[in-house]
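A short worksheet on the structure shown next.
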Amino acid sequence: MKTETRRPLELVCPAGTPSALRAAIEAGADAVYCGFRDETNARNFPGLNFSREEMKSSIGYAHSHGAKVLIAVNTFARAGDLTPWLSAIDDAATLGADAVILADMGLMSYAAKNHPGLRLHVSVQAAAASSDSINFYVEAFGVKRVVLPRVLSVPEIAAVTRNASCETETFAFGGLCVMTEGRCSLSSYATGQSPNMNGVCSPASHVSYRQEDGVMVARLGDFTINRSSADQPVGYPTLCKGRFKTGVGEGHIFEEPVSLDVRQLLPALQNAGVTAIKIEGRQRSRAYIKAVVHAFREALDALADKRSVPISSLAPITEGQSVTGGAYVKTWR
Amino acid sequence: MQEQAPQQVLRLPGFVAWAMRPLPLLPLEIALGRLVKGIVARHPELVGRLNGSEWRCVAVDPNDLPFVILLDMREGSLTLRLARTLDSETAHARISGPLIALVGLVDGVYDGDALFFSRDLVIEGDIETVLALRNAIDDADIGLLRETAALLEPYAAPFDRVGRSAIAVVRRTLGLGGAEHRGNAS
């Protein structure tokens with residue numbers, strides 16, 4: 001369906017606060033995604049996110065600088081208590097958001113019926129990994145873009161995009177989820193709260209770090225998920241990045257704490273027909289956002305000018321202090 | 001997978017802590033207390049982001065200096081005390097790291113998660129409160145030099161100018177100007 005495979009890739013950047021939003025735009029973001037300060041978005045962390053007033057002024061700031069604001073309402077609404085989610089969609093439309101990012105089909109239906117002029121993007125939390133599922137969202141709700149899960153290789157992204165009847169967006173940098181996103185129950189198993197329903201993976205209220213004989217012990221709920229000596233880097237306190245003892249040894253059973261960086265793959269993603277690339281990290285500081293967005297702006301500008309893509313080191317500010325092409329290259333196959 | 005050896009955040013030389021140890025804390029406590037009061041007055045959104053109405057005390061421990069900063073957070077307020085040592089019962093949470101890292105966090109030069117991943121920053125206790133504080137400070141876009149200068153009206157502008165020049169010289173001397181420095185995005 002795609003005809004303009006060579007158009008510049010749109011750079012979609014995270015913001016957890018108005019200050020981070022301004023930093024992202026100053027560093028060269030084409031669009032910024034953010035959420036309201038409640039459980040309607042998948043980064044519902046203490047001190048993070050936007051009040052309605054902050055969202056209004058931030059959208060004004062973004063538009064005056066030629067950037068878009070995409071509001072994530074990407075948790076699944078709670079049965080019997082839809083008000084926070086419906087209000088989030090209504091307010092996003094009223095405040096002039098350029099799109100809402102949704103995962104819940106019920107909310108997509110509500111948005112399509114009540115705000116026909118509001119652009120809909122399908123969140124990665126919907127785990128739409130095939131052209132069949134994407135085309136269903138397009139036909140049923142008129143969605144304009146789908147954020148692809150971080151489990152596809154570049155050839156798979158190209159195949160899905162070729163057969164999809166809307167734009168696709170892929171993650172380009174930041175934390176990785178190896179699980180089927182929107183379906184992962186590890187956090188819920190350990191704490192009773194999940195990113196899918198509550199907007200928090202490994203909620204801070206259930207995390208503890210203690211120094212024990214020179215070793216830092218990280219716990220999530222009742223589970224010890226890591227023990228790190230002083231010279232070992234640490235990661236986020238998620239079960240999927242924990243180290244466990246099993247019958248075959250000790251180590252990262254699900255996933256190593258390592259971050260995605262696809263700058264070397266940008267030409268391939270552009271050729272695959274992808275419309276936009278997304279940087280993960282609404283929970284990160286404006287210093288991180290400034291550094292990463294700036295690096296990607298440089299890379300995209302070089303790509304547009306047909307120069308070689310500069311790859312400055314971003315590994316030191318990432319989880320695990322190392323980067324990978326992840327599933328995009330699938331070297332393990 | 002590309003890996004990169006972490007680069008340590010610089011610590012103050014040991015003689016600084018040695019020289020400060022016999023000095024009384026009260027003058028510093030008064031000065032820092034005024035600084036925090038000024039920051040809260042100029043950035044009211046900061047306390048709005050702090051979680052809940054319950055009193056929480058966070059110990060900020062510059063581990064290359066001989067004192068601990070205790071931040072008391074209540075609904076609508078943030079106040080500061082200093083202590084020689086940290087009694088484990090005093091604070092709900094502790095944030096520990098070199099002074100340069102802690103100042104850089106407030107100034108938005110360093111990323112807190114990056115410092116935590118590299119073990120330059122250690123956090124213990126009530127993680128929810130620490131996250132709320134970190135996010136509130138990051139959003140407030142505080143510049144410690146600018147905030148300090150604001151206390152010195154009518155000499156704020158020249159103080160700010162001289163301070164910036166001095167910091168630029170120190171950063172150049174210590175080799176902190178490179179964007180490749182871990183967590184340093186300035």
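Quantities reported herein were computed from a predicted structural model and do not represent experimental measurements.
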Inset, instruction - Please flag which part of A/Ser205 lies under 4.5 Å from any non-hydrogen atom of chain B: side chain, backbone, both or neither. - result: both
Inset, instruction - Starting at CD1 of B/Ile142, measure out to OG of A/Ser19 and round the result to the nearest 0.5 Å. - result: 10.0 Å
Inset, instruction - Of all the heavy-atom pairs spanning A/Arg284 and B/Asp111, show the shortest one and how long it is. - result: NH2-OD2, 2.6 Å
Inset, instruction - Identify which of A/Pro203, A/Ala295, A/Ser228, A/Pro237 forms the greatest number of heavy-atom pairs closer than 4.5 Å to chain B. - result: A/Ser228
Inset, instruction - State, with a plain yes or no, whether a side-chain heavy atom of A/Arg286 is found less than 4.5 Å away from one of B/Asp141. - result: yes
Legend entry - Closest contact, heavy atoms only, B/Phe116 versus A/Gly235: CE2-O, 3.8 Å
Inset, instruction - Identify the two heavy atoms, one from B/Phe117 and one from A/Gln321, that lie closest to each other, and give their separation to 0.1 Å. - result: C-NE2, 4.2 Å
Inset, instruction - Would you mind checking which part of B/Val122 comes under 4.5 Å of any heavy atom in chain A, side chain (CB onward), backbone (N, CA, C, O), both or neither? - result: side chain
Legend entry - Enclosure of A/Gln211 CD (heavy-atom neighbours >12, cutoff 6.0 Å): yes
Inset, instruction - Side chain from CB out, backbone as N, CA, C, O: work out which of these in A/Thr318 comes under 4.5 Å of a heavy atom of chain B, or both, or neither. - result: backbone
Inset, instruction - Report the option among A/Ala20, A/Ala23, A/Ala230 that has the most heavy-atom pairs separated by less than 4.5 Å from atoms of chain B. - result: A/Ala230
Legend entry - Over 12 foreign heavy atoms within 6.0 Å of NE2, A/His294: no
Legend entry - Heavy-atom contact with chain B under 4.5 Å, split by part of A/Glu54: side chain
Legend entry - For chain A, the option from B/Ile137, B/Leu105, B/Ile127 that forms the most heavy-atom pairs under 4.5 Å: B/Ile127
Inset, instruction - Name the member of B/Asp126, B/Ile123, B/Val130, B/Leu133 that forms the most heavy-atom pairs with chain A at distances under 4.5 Å. - result: B/Ile123
Legend entry - Contact origin within A/Ser229 toward chain B - heavy atom pairs under 4.5 Å: backbone
Inset, instruction - Please check if the side chain of B/Arg49 supplies one atom and the backbone of A/Asn49 the other of a donor-acceptor pair under 3.5 Å. - result: yes
Legend entry - Minimum side-chain heavy-atom gap A/Ser285-B/Asp113 below 4.5 Å: no
Inset, instruction - Heavy atoms only, distances under 4.5 angstrom: which of B/Arg134, B/Glu124, B/Arg119 has the most pairs with chain A? Name it, please. - result: B/Arg119
Inset, instruction - With a 4.5 Å cut-off on heavy-atom pairs, point out which of A/Gly16, A/Pro18, A/Ser208 contacts chain B the most. - result: A/Pro18
Inset, instruction - Please look at B/Asp107 and chain A and tell me whether the side chain, the backbone, both or neither of the residue comes under 4.5 angstrom of a heavy atom of that chain. - result: backbone
Inset, instruction - Please report the shortest heavy-atom distance between B/Ala114 and A/Pro316, naming the atom on each side. - result: CB-O, 4.2 Å
Inset, instruction - Give the member of A/Arg210, A/Gln283, A/His206 that has the highest number of heavy-atom pairs under 4.5 Å with chain B. - result: A/Gln283
Legend entry - B/Arg34, CZ atom: more than 12 neighbouring heavy atoms under 6.0 Å: no
